[in-house]
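Just the heavy atoms: all of them, side chains too, but no hydrogens, waters or symmetry mates, feed the values below.
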Amino acid sequence: MKTAILGPAQRAEALARMAERELDVLVVGGGVVGAGTALDAATRGLSTGLVEARDWASGTSSRSSKLIHGGLRYLEMLDFALVREALKERGLLLERLAPHLVKPVPFLYPLQHKGWERPYAGSGVALYDAMSVSSGHGRGLPLHRHLSHKRALQVAPCLKKDALVGALQYYDAQMDDARYVATMVRTAAAYDAQVANRARVVGFLREGERVVGARVQDVEGGGEYEIRAQQVVNATGVWTDDTQALIGERGQFHVRASKGIHLVVPKDRIHSTTGLILRTEKSVLFVIPWGRHWIVGTTDTEWNLDKAHPAASSADIDYLLEHVNAVLATPLTRDDVEGVYAGLRPLLAGESDATSKLSREHTVAHPVPGLVVVAGGKYTTYRVMAKDAVDEAVHALDQRVAESVTEDIPLVGAEGYRALWNARARIAARAGLHVARIEHLLNRYGSLTEELLELVVADPSLGEPLAAADDYLRAEAVYACTHEGARHLDDVLTRRTRISIETFDRGTRSAREVAELIAPALGWDNDQIEKEITHYRKRVEAERESQRQPDDLTADAARLGAPDIVPL
């Protein structure tokens, strides 16, 4: 299989080719479900296009808890089918589809009641493990174990002694959500899907009641394209209702947005060898290992304001700090918080007023001929959602179409990853880099690491770390634009890397170095470099200001103080 390159030239070519002839399937929305749908369609042999109004994964799919999990708490709701499905997908991702991106992570569940709680919680976790193994794809994770009070404190010394009477430890998995989506887009492109970000659908093409394509505005270069397709798939997540409104038809279901915020703190602020899962009065709270950091989240509150830039308020941050500090021996303060990010879950609207009780399951509908809508669901089960969406679309195609094969299609970078991991010391010696750098690259790019090392061979200065974000090599910033579709400074600092949430300066100290590194690849002059840096700094300041506001309304107003980047 060839490796697709998503640079500026390839984006322009993809837009032109999509407009040349009718596609079988046009997918609208470049989050995890849209990218998965494009991959599913392309690997069935269908001519496929994928357009995204902003950057890949710029909405919900870059702002999750970054977990691939079965949803242990759904067992308590007796939603066995959802958990079974998610556990199978978790196993597939770990073992076959993306072992370079999806990694096991341990979680400690503190027990707070003597007697009844250990058998009650223990039976749930045992069932979780049993369902994982019975799926045929769960043998790679350790089974759960029961810990005494003493042993739990040895594993997680950060906990207050009186915060638990014992504990359970079990395993789930995690990934970098934005990187996963970008990798999936490249995989779809490698199977001949035409993909373009910064390409906004501004209307649908109609023949009578039938949708026959979309009018797509090139947000970067200007101009508008008419892209015709036998079937259009609306996979726009929390924007589902807005996209539906473009055809002037009421949808068969509605999507509500639930806001979840996360805090990022340095590794040394919480002394533990394991993640934590804690109960709250509304849901659960995770403390998740994240490289040299911890992610603490999340909240679950209704959001009716700006969807593109959901804002975390001071009240949101206080809520998380209060709940995590209830069990920590050394409490976290505002000064410990490096990064904050807010995302919106797309939930299918139901009878419940509480977003935490709305459905995490997904729905596929065909509201008008030629248009398929897929919505709801959770990150872990994106592949099933994509399969269901394409199944619905092919019912209306005048051709025989193969069944979904994505269960057996590894993402680019997965093939050969384990062999390269075993050879990482030799690769490091050859490249003149420390083995820790090679491990970092392999766990972000898999076998595509060789492409980054070629950049370093051509320009050894790219093998140096970024001055103010030394987890990342300079080569990674360049590669983001030449190979991974990044178009702006924000794309690189926020999604291709995670500098925006992993540094106390939120990436502002790296902005100039990165902008100057990527300028040649994107054809920027000095004026555009300055525009990008100014925009990024204003965005960070607007986010900081929003996080000082008392509630959603004032936080949203503060965040909207920084407009989106001006196109080139």
Q.
So that I can tick it off, tell me whether R539 and D490 are bridged by a salt bridge, with the cut-off set at under 4.0 angstrom between side-chain N and carboxylate O.
A. yes
Q: Applying side-chain contact (heavy atoms from CB on, under 4.5 Å) between V364 and each of D388, V373, V233, report the one that passes.
A: D388
Q.
Assess whether a salt bridge exists between E451 and R186, defined as any Lys/Arg side-chain N lying under 4.0 Å from an Asp/Glu carboxylate O.
A. yes
Q. Just wondering, are more than 12 heavy atoms of other shown residues or ligands nearer than 6.0 Å to CZ in R17?
A. no
Q. Salt-bridged, R54 to D491, with N to O below 4.0 Å?
A. no
Q | Main-chain N/O of V255 paired with T240 side-chain donor or acceptor, under 3.5 Å | A | no
(Q) Distance check, rounded to the nearest 0.5 Å: H366 atom NE2 versus Q231 atom CD? (A) 4.0 Å
Q) Does a salt bridge link E302 with R256, judged by any charged N lying under 4.0 Å from a carboxylate O? A) yes
Q) Looking just at side-chain N and O atoms, do D40 and T37 make a donor-acceptor pair shorter than 3.5 Å? A) no
Q.
Do the side chains of R44 and D391 get close enough for a salt bridge, i.e. N-O under 4.0 angstrom?
A. yes
Q: Would you tell me whether T243 and T236 have side-chain atoms, one donor and one acceptor, within less than 3.5 Å of each other?
A: yes
Q | Plane angle bin for Y417 and H100 - parallel if under 30°, tilted between 30 and 60°, otherwise perpendicular | A | tilted
Q. Taking all atoms of both residues into account, what is the closest heavy-atom pair of A189 and V195, and its distance?
A. CB-CG2, 4.2 Å
Q. Under the 3.5 angstrom rule, does the side chain of N234 hit a backbone N or O of V372 as a donor-acceptor pair?
A. no
Q: Find the distance between CG (D79) and CZ (R73) and round it off to the nearest 0.5 Å.
A: 11.0 Å
Q.
I'd like to know if K387 and E403 make a salt bridge, using a cut-off of under 4.0 Å between side-chain N and carboxylate O.
A. no
Q) Distance-only, no hydrogens or angles: does the E52 side chain make a donor-acceptor pair with backbone N or O of A57 under 3.5 Å? A) no
Q | Cationic N near anionic O, under 4.0 Å, R559 to D306 | A | no
(Q) For the backbone of H254 and the side chain of D241, can you confirm whether one donor and one acceptor N or O come within less than 3.5 Å of each other? (A) no
Q | Main-chain N/O of Y445 paired to T449 side chain as donor or acceptor, under 3.5 Å | A | no
Q | Value rounded to 0.5 Å, distance of CD in E20 from CG in L15 | A | 11.5 Å
Q) Any idea which heavy atoms bring V83 and G71 closest together, and the distance? A) CG2-O, 3.5 Å
(Q) Just verifying a value: how many Å separate T48 OG1 and M18 CE, rounded to the nearest 0.5 Å? (A) 10.5 Å
Q | Main-chain N/O of P99 paired with K103 side-chain donor or acceptor, under 3.5 Å | A | yes
Q) Say you draw a straight line from OG of S132 to NZ of K88; how long is it, rounded to the nearest 0.5 Å? A) 12.5 Å
Q) How far apart are the closest heavy atoms of I518 and V492, and which atoms are they? A) CD1-CG2, 4.1 Å
Q) So F80 and Y74, ring-ring contact (aromatic ring centres under 6.0 Å, His included) or not? Walk me through it. A) CA-CA 7 Å; F80 300 115; Y74 299 127; over 10 Å; no
Q. Atom CG of L67 and atom CD1 of I277: how far apart are they, to the nearest 0.5 Å?
A. 9.0 Å
Q) Does any N or O in the side chain of R206 come within less than 3.5 Å of the main-chain N or O of I247, such that one atom is a donor and the other an acceptor? A) yes
Q | Atom of A229, atom of V25 and distance for their closest heavy-atom approach | A | CB-C, 4.3 Å
Q) Do L46 and V401 touch side chain to side chain, with heavy atoms closer than 4.5 Å? A) yes
Q.
Check this for me, if you would: do E224 and R215 make a salt bridge, where the nitrogen-to-carboxylate-oxygen distance has to be below 4.0 angstrom?
A. yes
Q. Do NZ/NE/NH1/NH2 and the carboxylate oxygens of E85 and K378 come within less than 4.0 Å?
A. no
Q: Would you name the heavy atoms of S64 and Y341 that are closest together and state the gap between them?
A: O-OH, 2.7 Å
Q.
Please enumerate all residues that pass ring-ring contact (aromatic ring centres under 6.0 Å, His included) together with Y180, with sequence neighbours excluded.
A. Y382
Q: Indicate yes or no: does D177 engage R495 in a salt bridge with an N to O separation below 4.0 Å.
A: no
Q) Charged N to carboxylate O under 4.0 angstrom, D300 versus K259? A) no
Q) After noting the C-alpha distance and the side-chain angles of R498 and D176, does the key distance pass the salt bridge (Lys or Arg N to Asp or Glu O under 4.0 Å) rule? A) CA-CA 9 Å; R498 290 318 189 119; D176 182 330; 3.2 Å; yes
Q. Is there side-chain contact between V340 and R506, with at least one heavy-atom pair below 4.5 Å?
A. yes
Q | Under-4.0 Å salt bridge between R487 and E220 | A | yes
**Q.** Heavy-atom pair of closest approach, residues A342 and I261
**A.** CB-CG2, 4.0 Å
Q) Quick one: do R90 and D172 make a salt bridge, cutoff under 4.0 Å? A) yes
Q.
Taking E407 first and then R383, would you say they form a salt bridge - that is, a charged N and a carboxylate O separated by under 4.0 Å?
A. yes
Q) Distance-only, no hydrogens or angles: does the S313 side chain make a donor-acceptor pair with backbone N or O of Q547 under 3.5 Å? A) no
